[in-house]
Participant: 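Quick one: this structure, given as C-alpha cells, is what I'll be asking you about.
Order of the sequence lines sets the chain letters (A, B, ...), proteins ahead of strands, with each chain counted from 1.
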Protein chains: 2
Amino acid sequence: MPTKTYHIGVEATMEIIGGKWKSIILCHLRHQTMRTSELARAIPQISQKMLTQQLRELEAANIVTRHVYKQVPPRVDYALTDYGESLSGILHELCVWGEDNIDRRQAEGEEITLLSRDDV
Amino acid sequence: MPTKTYHIGVEATMEIIGGKWKSIILCHLRHQTMRTSELARAIPQISQKMLTQQLRELEAANIVTRHVYKQVPPRVDYALTDYGESLSGILHELCVWGEDNIDRRQAEGEEITLLSRDDV
DNA sequence: TGCGATACCCACCAAAAGGTAACTATTAGA
DNA sequence: TCTAATAGTTACCTTTTGGTGGGTATCGCA
C-alpha cells in the first residue's frame, strides 16, 4: 500500500473532526451519551443519511462507540470513547471561540443569531 | 437580508478555520509572518489558486493581514491579526492532537508518515 | 531582445461533499 | 388490518471544493 503522508499534525486532526457535521456531533456527545433520534433533534439541519454516515466514520476512527440494544423499535446510542474524550478540551474551545466570533460580528451589525450557547 | 442562524458556536469557528487548507496556513503563520512564496514552499501540496483564495477569505474574516510592498518583482506578506492570534492556542492543540493521532495509527501498523513536527 | 522573478487572475474541468426522497425491518397497539 | 415508532439503507441529484493550464504586469539583467 502507498504510505499516506502528512506534512503537519493539524491535517490529521481535520481529517477526523473536519467537514460540516463531525465537530457539531462531537460537541453534543461531549456532554452525554445520546440516541440517534436525540442527536437528530439536537442538530435539526442534519439529514438522517448524513447523521449515520458521520457517526460511522467517527466510529471507524475510534472517536465514538455505538451501542445497539436488542429491542423493537430499535434503540442505538452513541458516546465518546476515551480517545474521543481527549478531544473534549479542543471541542470546548472551538465552541467558545465561535460564540465570541458571533458576538463580534453581531456587534458590527451583521444579521446573525446563535440559538444555543450550551457550553458552560 | 435573511438572518444567518447558527445552532452552536463551533459552526462559526469551522466556517473560518475549516476546509482543507485554512488551518494549515494558520498553523504556519502562527510562528511567523510569511511571504506568499514561503507559504507555498511550506505547503507543497497547495496550488497557487487555493493559496491566494484561502488567504483572501482569512483576510475577509479579519484573521490575517496582507501587506503589499511597492516593489518589482512584487512582495506580499501575511501575518495573523490580533484576532487571529486568539486562535493560536487552538491551532497548537489541533497540531499536537494530530501528531498523537498519527503516532497511534503508526503504532497500530498503519502505513503513515508525518513529515514535520514543528509544534514546540 | 527576451528571459526570470513574484504574485497574482481567469476559464474550464473533476472530484468530493452534502441533500432529497423513497425504501427496509420489526413489534405494539388502535 | 393498519399505523406509529426507530434506525438505517439506497439511488439519484446538486453544490461546493479543489485542480490545471493558461495569461497578466513590472523591472533588472544577460
Side-chain angles (χ1 to χ4, degrees), chain A residues 2 4-8 10-26 28-29 33-61 64-79, chain B residues 2 4-8 10-26 28-29 33-61 64-79:
Chain A
K4 175 146 199 181
T5 300
Y6 294 95
H7 292 77
I8 189 171
V10 70
E11 281 180 72
T13 309
M14 282 308 182
E15 244 176 49
I16 292 172
I17 66 164
K20 190 165 170 183
W21 302 114
K22 298 224 180 71
S23 57
I24 300 178
I25 292 170
L26 294 175
H28 286 289
L29 290 179
T33 293
M34 289 174 84
R35 300 183 59 170
T36 314
S37 54
E38 289 176 322
L39 279 167
R41 266 190 299 279
I43 315 174
Q45 330 97 278
I46 202 173
S47 66
Q48 172 72 260
K49 170 188 147 183
M50 276 296 120
L51 182 55
T52 46
Q53 185 181 106
Q54 303 299 304
L55 285 166
R56 292 291 175 283
E57 291 174 18
L58 290 169
E59 200 190 354
V64 306
T65 50
R66 176 167 185 266
H67 180 211
V68 183
Y69 297 81
K70 295 219 178 76
Q71 294 183 4
V72 169
R75 179 193 179 93
V76 177
D77 63 32
Y78 295 92
Chain B
K4 175 146 200 180
T5 300
Y6 294 95
H7 294 255
I8 187 171
V10 70
E11 281 181 72
T13 308
M14 282 309 186
E15 244 176 50
I16 291 172
I17 67 165
K20 190 165 171 182
W21 302 115
K22 298 224 179 72
S23 58
I24 300 178
I25 292 170
L26 293 175
H28 286 289
L29 290 180
T33 293
M34 289 175 85
R35 299 185 57 173
T36 314
S37 54
E38 288 175 322
L39 279 166
R41 266 190 299 279
I43 313 172
Q45 330 98 276
I46 202 174
S47 66
Q48 172 69 258
K49 171 187 146 183
M50 276 296 120
L51 182 54
T52 45
Q53 185 181 106
Q54 304 298 305
L55 285 166
R56 291 291 174 286
E57 290 174 15
L58 290 169
E59 203 191 349
V64 306
T65 49
R66 177 168 185 263
H67 181 211
V68 183
Y69 296 82
K70 295 220 180 72
Q71 292 184 5
V72 170
R75 178 193 179 92
V76 176
D77 62 31
Y78 295 91

Participant: Hey, is the side chain of Tyr69(B) poking within less than 4.0 Å of OP1 or OP2 on dT26(D), counting only N and O atoms?
Facilitator: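 The answer is no; no side-chain N or O of Tyr69(B) sits under 4.0 Å from OP1 or OP2.
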
Participant: Between dA7(C) atom C1' and Gln54(B) atom CD, what is the distance in whole Å?
Facilitator: 17 Å

Participant: Take the protein atom CG of Leu51(A) and the nucleotide atom C1' of dG19(C), then report the distance between them rounded to whole Å.
Facilitator: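 My rounded result for the distance is 14 Å.
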
Participant: Has Glu11(B) got a side-chain atom pairing as donor or acceptor with Ile8(B)'s backbone, closer than 3.5 angstrom?
Facilitator: yes

Participant: Could you tell me whether the side chain of His28(A) reaches within less than 4.5 Å of the side chain of Leu39(A), counting heavy atoms only?
Facilitator: yes

Participant: Between Ser37(A) and dA7(D), does any side-chain N or O lie under 4.0 Å from OP1 or OP2?
Facilitator: yes

Participant: Expressed in angstrom and rounded to an integer, what is the separation of Met50(A) atom CE from dA17(C) atom C1'?
Facilitator: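 From Met50(A) CE to dA17(C) C1': 7 Å.
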
Participant: So, does Lys20(A) get its side chain near the phosphate of dG19(C), meaning an N or O under 4.0 Å from OP1 or OP2?
Facilitator: yes

Participant: Whole Å only: how far is the NZ atom of Lys49(A) from the C1' atom of dC23(C)?
Facilitator: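 After rounding, the gap between these two atoms is 15 Å.
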
Participant: One pair to check against side chain to side chain contact (heavy atoms under 4.5 Å, CB included): Met14(B) and Ile17(A). What are the steps and the verdict?
Facilitator: CA-CA 10 Å; Met14(B) 282 309 186; Ile17(A) 66 164; 4.0 Å; yes

Participant: When you match Asp77(A) and Trp21(B) each to their closest nucleotide on DNA chain D, which lands nearer the 5' end?
Facilitator: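 By nearest-heavy-atom nucleotide position, the 5'-most residue is Asp77(A).
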
Participant: If only side-chain N and O atoms of Arg75(A) are considered, is one of them under 4.0 Å from the OP1 or OP2 phosphate oxygen of dT26(C)?
Facilitator: no

Participant: With nearest nucleotide decided by heavy atoms, which residue, Arg56(A) or Val72(A), maps closer to the 5′ end of DNA chain D?
Facilitator: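 By nearest-heavy-atom nucleotide position, the 5'-most residue is Val72(A).
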
Participant: Name the closest nucleotide to the Pro73(B) side chain, picking from dT10(D), dT6(C), dT6(D).
Facilitator: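 Among the listed nucleotides, the one closest to the side chain of Pro73(B) is dT6(C).
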
Participant: Quick one: Gln71(A) CD to dT27(C) P, roughly how many Å, whole number?
Facilitator: 12 Å

Participant: Check whether Ser23(B) reaches the backbone of Gly19(B) with its side chain - one donor and one acceptor, N or O, closer than 3.5 Å.
Facilitator: no

Participant: Between dC8(C) atom P and Glu57(B) atom CD, what is the distance in whole Å?
Facilitator: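 Spelled out: CD on Glu57(B) to P on dC8(C) is 14 Å.
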
Participant: For the pair made of CD in Gln48(B) and P in dC10(C), what is the distance, rounded to whole Å?
Facilitator: 13 Å

Participant: Please report the interatomic distance CE(Met50(A)) to CD(Gln45(A)), rounded to the nearest 0.5 Å.
Facilitator: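 Rounded to the nearest 0.5 Å, the CE-CD separation comes out at 13.5 Å.
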
Participant: Give the nucleotide from the list dT20(C), dT6(D), dG18(D) with an atom nearest to the side chain of Arg35(A).
Facilitator: dT6(D)

Participant: To the nearest angstrom, how far is Arg41(A) atom CZ from dA5(D) atom C1'?
Facilitator: 12 Å

Participant: Taking the side chain of Thr52(B) as its heavy atoms from C-beta onward, which of dG18(C), dC9(C), dT6(D) lies nearest to it?
Facilitator: dC9(C)

Participant: Determine: side-chain N/O of Ser47(B) to OP1/OP2 of dT20(D), distance under 4.0 Å, yes or no.
Facilitator: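 No, no such contact exists.
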
